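In listed order, ligands and their atoms are each counted from 1. This structure is a prediction, so every number in the text was calculated from the model and none was measured.
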Amino acid sequence: MTTSHEVKISILMDNRAGPGYRSEHGFAVWIEADKQKVLFDTGSSDALAENAARMGINLQSANQLVLSHGHYDHTGSVEQRLHQNPHMQVLMHPKAIEQRYSIHPGQAVKDVSMPLAARTALLAHPSSQRTTTEEPHQLWYWLGSSGAIPRTNPLEDTGGPFFMDTEGRVPDLIEDDLALWIKTPSGLVILTGCCHAGLINTVEQIKRVTGETSIYAIIGGLHLKNAQDDRIQATLNALKQWDPAYLIPCHCTGDRVMDELQQELGFCVKQGYAGMQLKINQQISTLN
Ligand SMILES: [Zn+2]
Ligand SMILES: [Zn+2]
């Protein structure tokens, strides 16, 4: 069954912003359909609250928060959101709260974990309102999560020098990375956070979980900025095979890859930005 209702998707925070909107290295999306209001990620600061207000979105009306993974740029305002909205349900992978680092050679070790205040707020949130699972999870008949995504494609990696320790000995596979799916009459809409699991792995997992094969739109960060040519080519080939009507890369996709996607796939590719709103009914249309 697919949602018979209109689905509205609003990009609340992104590395790019429309006129009058704030940007940051972060990502957050608002999904609204069938009287449900879902916040997918929370940016790296509270700046998304300003963008939401500008779009006429009341963050306090959210009944569900989903965290794509535990990096700081997706969990930055978790504390504020839970404080504002103590009745909200939360869905996340158990490893989202783990301490983790990014270590670029010759640069200082960077803590990329969820902020401590966010972790504390999540752990203090009533357990009856928290779903912490590695498994795929269906929220409503029209929306659910991929669960942990099997890493079967040999070309896809997490996209960066991510480690569990400050010495760089234990790689962080970012097992907590998950994506959302929305069933629409036109096919699946897939929402990714950073897509550390890889786009091919993510889409294949969502096809398995939902039993659907038609991909209508892919929206979110694709984290291909450090990808080798063979991986980019494999991703392009897969996209051509899935043939989505819309691909809306955001956040950490990478400028070079963005150009390649536009050249290879043409008009279906639209760059995402904070302030972008999409309405999905029988067709998808951008509202601005
Ligand atoms: Zn990330
Ligand atoms: Zn990110």
Under 2.8 Å: N/O/S of C252 next to the Zn ion (ligand 2): no
NE2 (H196) to the Zn ion (ligand 1) to NE2 (H69) angle, given to the nearest 10 degrees: 100°
Q241 atom CD: more than 12 heavy-atom contacts under 6.0 Å: no
F40 ring center near H74 ring center (under 6.0 Å): no
Heteroatom of H71 nearest to the Zn ion (ligand 1) (N, O or S, atom name): ND1
Short N/O/S contact of H223 with the Zn ion (ligand 1) (below 2.8 Å): no
Flag, side chain of N85 to backbone of Q60, donor-acceptor distance under 3.5 Å: yes
Vertex the Zn ion (ligand 2), rays to SG in C194 and NE2 in H74 - rounded to 10°: 90°
Q228 atom CD, neighbour heavy-atom count above 12 within 6.0 Å: no
Row check, W181 ring normal vs K183 NZ/CZ: under 6.0 Å, within 45°: yes
Atom of D73 nearest the Zn ion (ligand 2) (restricted to N/O/S, atom name only): OD2
